[in-house]
Amino acid sequence: MPELAEVEFFRKRWHQAAAGQRIAAVRLHPKAKIFRGANPAALRRALTGAKLLSSATAAKQMLFRFGGDAWLGLHLGMSGDLRVESVDYEPTRHDHLVLVTKQHALVFADPRMFGRVQFHKGARPPAWWTKIAPAILSRDFTAEAVSTFLRRRARAPIKAVLLMQERFPGVGNWMADEILWRAAIHPRRPAGSLLPAEIKALWRESRRVCRLALATIAGRGDELPRDLNVNIPDTWLFNHRWAGGGRCPRTGVPLVREEIGGRTTCWSPGRQKMR
DNA sequence: GTGCTTGTTGGCCA
DNA sequence: GTGGCCAACAAGCA
C-alpha cells in the first residue's frame, strides 16, 4: 500500500503516540522475514528502556531515533502498516514488531512481509538513510536533473522510470499514474522521447502530486486524518483507477488499464496520447 | 482453483 | 560497465 504520503501518515501516527515516551517492552518474532539482515536481539536490547526522540520520513523509508544512539528503520513494503493499540494489546499473526510504552502499543504489521526492519547503533544516522535521493519537494529536484535522468533511461517507458527511487524517491504505482495523468503524458512513451515542455510538466506535476498527497493523506502540521485516503477528492485519478468501468474525471472517457513496466497502469486515452 | 495486488532485488541478456 | 526486463518473494482477496 504505502507510498510517500502514506508512509508519512504512518510515521506521524507512531510519533504522535510515542514521541518522548520510553519503550517499556519490545515484542517481536525474530524469525520473521521483515528482520532479514537485521539483528532482532540487539534491537530488542537497545530499544527496551530507550526514549523515542525523533522520527523522519524519506522516500518510502522511516527512521525513528531513540536514546542510546539507537535507530529503527522501517520500510512497509507492499502490505505493511503501523497502528497504535492499547497497552494490553495482544499481537496477532501478522504483527511482527510491537513497541510498548506506558500508554500504547505501537504495532508494525505486514502480511506479505515484503517490508523491512533495520536496526542501527551509532551517533550518526545509518548510511542507507543518508544515501536516499533528494526529496522531490527539495531544491535539488530540478527540471534539469529530471531531464538528464530521462536521457539516460531513454528507451524505458516513462511509467517505469517514474518508479525508480534513485530519482523519484517515494513515488509508487498510483502516484506515477497520477503524475502522468496530470501531465497528459502516455505511460508507454519512451522516456527519451519527451519534449522539453513535457519534461517540465512532468517535473511540475511530480512536485504537485507530492505536495497534494502529503497534505491530503498525511495532514498538515499536527493534524492527522482519521484514516488513509478518506480525504482524497474525486478530481484525482486515484478514486477512479481501480474499479472496472472507471472514467477519467477530466474528460469522462473510460480509463484504460494495462501492464507497463511490470505494473498495472491506468491512464486516460482522452488526454494521454502516444505522440 | 485463478488471477490479481500502492515494492524491491537479483539474475539474465543485449 | 550500463540499461532493461522479468521472476521471485508471500499472503490475502474476489
Side-chain angles (χ1 to χ4, degrees), chain A residues 1-11 29 31-38 57-62 73-82 92-96 108-118 128-129 131-133 136 148-182 187-193 206 209-210 212-214 216-218 225 227-232 236-246 255-267:
Chain A
M1 176 192 295
E3 304 180 18
L4 182 84
E6 289 96 347
V7 172
E8 173 62 6
F9 172 89
F10 289 126
R11 180 201 65 80
H29 303 291
K31 294 278 181 59
K33 281 235 163 54
I34 55 159
F35 293 111
R36 60 193 180 279
T57 307
K60 298 169 191 171
Q61 306 271 358
M62 285 169 277
L74 298 182
H75 190 292
L76 299 172
M78 196 90 108
S79 58
D81 68 15
L82 303 186
T92 60
R93 191 155 77 100
H94 300 305
D95 300 332
H96 309 300
F108 174 17
D110 182 7
R112 293 175 74 179
M113 289 197 279
F114 292 175
R116 182 164 206 171
V117 175
Q118 304 197 72
W128 61 260
W129 172 262
K131 278 192 305 205
I132 295 172
I136 289 174
T148 303
F149 191 73
L150 264 49
R151 233 177 291 130
R152 201 151 57 90
R153 305 290 184 161
R155 299 177 63 167
I158 187 63
K159 165 64 186 276
V161 174
L162 272 175
L163 293 174
M164 295 178 181
Q165 301 298 295
E166 65 211 83
R167 179 45 68 194
F168 300 95
V171 171
N173 206 27
W174 78 255
M175 285 181 78
D177 286 357
E178 191 80 33
I179 290 164
L180 291 170
W181 174 72
R182 287 170 188 253
R188 224 182 269 284
R189 291 271 303 279
S193 76
S206 297
V209 167
C210 283
L212 288 173
L214 283 168
T216 306
I217 294 170
D227 208 347
L228 282 178
N229 306 343
V230 290
N231 294 327
I232 296 183
W236 295 21
L237 179 65
F238 185 94
N239 281 350
H240 309 270
R241 52 177 284 117
W242 295 122
L255 295 168
V256 176
R257 298 175 67 183
E258 280 176 26
E259 188 165 299
I260 300 176
R263 309 299 301 279
T264 298
T265 300
C266 177
W267 74 91

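In what follows, chains carry the letters A, B, and so on, assigned in the order in which the sequence lines appear, proteins first and then strands, with residues in each chain numbered from 1.
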* Between A/Gln165 and B/dT8, does any side-chain N or O lie under 4.0 Å from OP1 or OP2? -> yes
* Asked: Which of the following nucleotides, C/dG4, C/dG12, C/dA10, is nearest to the side chain of A/Ala156?
  -> C/dG4
* Separation of atom CD in A/Glu259 from atom C1' in C/dC6, rounded to whole Å -> 10 Å
* To do: Figure out the NZ/C1' separation between A/Lys131 and B/dT8, and round it to whole Å.
  => 15 Å
* To do: Measure the distance from CG on A/Asp95 to P on C/dG12 and round it to the nearest whole Å.
  => 12 Å
* First encountered from the 5' end of DNA chain B, between A/Arg112 and A/Leu163 -> A/Arg112
* OP1 or OP2 of C/dA10 sitting under 4.0 Å from any side-chain N/O of A/His94? -> no
* **Interatomic distance, A/Glu258 CD vs B/dC4 P [rounded to whole Å]** => 13 Å
* **Taking every non-hydrogen atom, the tightest pair across A/Trp174 and A/Trp236** => CH2-CZ3, 4.1 Å
* Quick one: A/Arg263 CZ to C/dA7 P, roughly how many Å, whole number? -> 14 Å
* Does A/Lys60 place a side-chain N or O at less than 4.0 Å from the phosphate oxygens OP1/OP2 of B/dT8? -> yes
* **Interatomic distance, A/Trp174 CH2 vs B/dG7 C1' [rounded to whole Å]** => 15 Å
* To do: Would you indicate what A/Arg93 reaches in the nucleic acid, counting non-hydrogen atoms under 4.0 angstrom: base, sugar-phosphate, or nothing?
  => sugar-phosphate
* Asked: So, for A/Leu237 and A/Cys266, which heavy atoms are closest and what is the spacing to 0.1 Å?
  -> CD2-O, 4.0 Å
* To do: Step by step, work out the salt bridge (Lys or Arg N to Asp or Glu O under 4.0 Å) result for A/Lys159 and A/Glu258.
  => CA-CA 12 Å; A/Lys159 165 64 186 276; A/Glu258 280 176 26; over 6 Å; no
* Aromatic ring of A/Phe114 stacked on base six-ring of B/dT8, 5.5 Å, 30° -> no
* Asked: Taking OP1 and OP2 of B/dT8, is either one under 4.0 Å from a side-chain nitrogen or oxygen of A/Arg116?
  -> no
* Asked: What is the distance from CG of A/Leu76 to P of C/dA10, rounded to the nearest Å?
  -> 18 Å
* Closest heavy-atom contact between A/Ala59 and A/Leu4? -> O-CD1, 3.9 Å
* Asked: Picking from B/dG7, C/dC5, C/dG4, which would you name as closest to the side chain of A/Pro157?
  -> C/dC5
* Separation of A/Ile260 atom CD1 from C/dG4 atom P, in whole Å? -> 16 Å
* Closest contact, heavy atoms only, A/Gln118 versus A/Ala38 -> CA-CB, 4.4 Å
* **Distance below 4.0 Å between A/His75 side-chain N/O and B/dT8 OP1 or OP2** => yes
* Asked: Heavy atoms under 4.0 Å, any strand shown: does A/Gly172 hit a base, just sugar-phosphate, or nothing?
  -> sugar-phosphate
* Take A/Ser206 and A/Val171 through the side chain to side chain contact (heavy atoms under 4.5 Å, CB included) test and state the conclusion after the steps. => CA-CA 9 Å; A/Ser206 297; A/Val171 171; 6.0 Å; no
* **Phosphate OP1/OP2 of C/dA10 contacted by A/Lys33 side-chain N/O (<4.0 Å)** => yes
* Give A/Ala160 one of three labels, base, sugar-phosphate or nothing, depending on what nucleic acid heavy atoms sit under 4.0 Å from its own. => nothing
* Asked: Using a cut-off of less than 4.0 Å, is there contact between a side-chain N or O of A/Arg152 and OP1 or OP2 of C/dG4?
  -> no
* Looking at the side chain of A/Asn173, which of C/dG12, C/dA10, B/dG7 is the nearest nucleotide? -> B/dG7
